[in-house]
Amino acid sequence: LGTLFYGLWHKTIPVRAISLALGLCVLALSFFIRGESFKELGIRFDNIYRSGRECAIASLISMSLIAFVCIHYFDKSYSQVIASPLTRFLNYSPWGIIGWVCQRTAEQFLLQSVILTRLFQIFEKKVIALVSAGMLFSFAHAPNPRLMILSFVFGLLCCILFSRNRNIFTLGMMHNVIVGLLFSLL
């Protein structure tokens, strides 16, 4: 039975389109009822430079740490760490790249705009909301323990950046860069 639902979900475009449309309608209705603005949800361009700068710094630090770990602990050569991710990324079709970018940005939207904003309303202490959202992001990447640890740290970092700037687009791009590097190296 699970295989049937898996096949329905992943192989039939009409089922995916209908479920995606219904999910988006429910989210839009939720945001409308709560009176949340686009700015509160992180859908904004007025602070893209400041937010992009912070995300770029966080990305460079993260990528440097990932490259260091891969070179020194997984016996990857310098060329495998630097050249391989670029050549693998360029092998994707334009539609594949657009889908890749949209998917990671949508993940950040769900984590930040939906989950984190609700957790800020539930918990009095901001730290508890940030750690809880990071844990939920980590659980979404189960059952791989290494990936869960990386996802927790990255999710927590994204939550902190979102609470400072509230910009989904820069976080989505940061997510794309880090995940692209990880997929290329692993």
Side-chain angles (χ1 to χ4, degrees), residues 1-48 51-52 54-55 92-144 147-148 150-180 182-183:
L1 189 61
T3 307
L4 173 68
F5 286 117
Y6 180 83
L8 275 174
W9 178 255
H10 290 283
K11 294 186 180 179
T12 59
I13 291 175
V15 172
R16 282 191 283 180
I18 290 169
S19 62
L20 181 62
L22 287 173
L24 288 175
C25 288
V26 168
L27 278 176
L29 182 63
S30 169
F31 297 142
F32 177 73
I33 290 171
R34 291 176 170 274
E36 294 171 322
S37 67
F38 285 130
K39 189 174 183 177
E40 291 172 334
L41 296 174
I43 302 171
R44 57 193 285 201
F45 295 100
D46 61 334
N47 69 341
I48 204 151
S51 177
E54 287 185 8
C55 287
Y92 287 111
S93 69
W95 289 113
I97 293 171
I98 290 170
W100 175 276
V101 169
C102 290
Q103 182 180 358
R104 299 306 175 278
T105 306
E107 286 178 17
Q108 285 301 315
F109 180 77
L110 286 174
L111 176 66
Q112 311 302 337
S113 298
V114 177
I115 295 171
L116 185 61
T117 55
R118 303 303 190 267
L119 289 174
F120 280 149
Q121 295 169 354
I122 293 170
F123 297 111
E124 291 179 16
K125 294 187 177 183
K126 201 176 196 180
V127 175
I128 296 173
L130 292 171
V131 171
S132 299
M135 288 174 50
L136 288 172
F137 190 70
S138 174
F139 293 147
H141 294 85
N144 185 338
L147 184 59
M148 288 178 69
L150 287 172
S151 297
F152 173 73
V153 172
F154 182 72
L156 188 60
L157 176 65
C158 286
C159 290
I160 291 168
L161 290 171
F162 183 78
S163 67
R164 290 175 48 88
N165 294 315
R166 293 217 179 231
N167 194 314
I168 288 299
F169 302 114
T170 54
L171 288 174
M173 293 311 296
M174 184 173 96
H175 191 169
N176 282 301
V177 168
I178 299 297
V179 170
L182 281 174
F183 276 168

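These numbers come from a predicted model, not from an experiment. Just the heavy atoms: all of them, side chains too, but no hydrogens, waters or symmetry mates, feed the values below.
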* Structure fact -> Correct closest heavy-atom pair for Cys159 and Ala133 would be SG-CB, 3.6 Å
* **Side chain proximity check, Leu116 to Leu130, heavy atoms < 4.5 angstrom** => yes
* Could you tell me which non-hydrogen atom of Thr105 sits nearest to which non-hydrogen atom of Gly172, and how far apart they are? => OG1-CA, 3.7 Å
* Give, for atom CG of Leu119 and atom CG of Leu111, the distance between the pair rounded to the nearest 0.5 Å. => 9.0 Å
* What is the distance from atom NZ of Lys39 to atom CG of Asp46, rounded to the nearest 0.5 Å? -> 5.5 Å
* Any side-chain heavy atom of Cys158 within less than 4.5 Å of one from Gln108? -> yes
* Asked: So do Glu40 and Thr117 actually touch side chain to side chain, heavy atoms under 4.5 Å?
  -> no
* Beyond-backbone contact of Arg118 with Arg34, side-chain heavy atoms, under 4.5 angstrom -> yes
* Step through the shown structure and confirm whether more than 12 heavy atoms of other residues, nucleotides or ligands are within 6.0 Å of CD on Glu124. => no
* Could you tell me whether the side chains of Asn167 and Asn47 share a donor-acceptor contact shorter than 3.5 Å? => yes
* Asked: So do Phe120 and Ser163 actually touch side chain to side chain, heavy atoms under 4.5 Å?
  -> yes
* Asked: Below 4.5 Å, heavy atoms only, C-beta onward: do Leu171 and Phe109 meet side chain to side chain?
  -> no
* Any chance CZ of Arg164 has more than 12 other-residue heavy atoms, nucleotides or ligands included, within less than 6.0 Å? -> no
* **Over 12 foreign heavy atoms within 6.0 Å of CZ, Phe38** => no
* Atom pair CG/OG of Leu136 and Ser151 - distance to nearest 0.5 Å -> 12.0 Å
* Which distance, rounded to the nearest 0.5 Å, do you find between the OG of Ser138 and the CG of Leu147? -> 8.0 Å
* Taking only residues at least two apart or on different chains, which pairs with a member in residues 100-109 satisfy salt bridge (Lys or Arg N to Asp or Glu O under 4.0 Å)? -> none
* To do: Find out whether Asn176 and Gln103 are in side-chain contact, i.e. whether some heavy atom of one side chain is under 4.5 Å from a heavy atom of the other.
  => no
* Roughly how far, to the nearest 0.5 Å, is the CZ atom of Phe152 from the CE atom of Met148? -> 10.5 Å
* Start with the C-alpha distance between Ile168 and Leu41, add both sets of side-chain angles, then the distance that settles side chain to side chain contact (heavy atoms under 4.5 Å, CB included), and finish with yes or no. => CA-CA 8 Å; Ile168 288 299; Leu41 296 174; over 6 Å; no
* Going by heavy atoms in the side chains, are Ser51 and Leu161 under 4.5 Å from each other? -> no
* To do: List the steps and the verdict of side chain to side chain contact (heavy atoms under 4.5 Å, CB included) for Phe137 and Leu156.
  => CA-CA 8 Å; Phe137 190 70; Leu156 188 60; over 6 Å; no
* Asked: Is the His175 to Phe154 ring centre distance short of 6.0 Å?
  -> yes
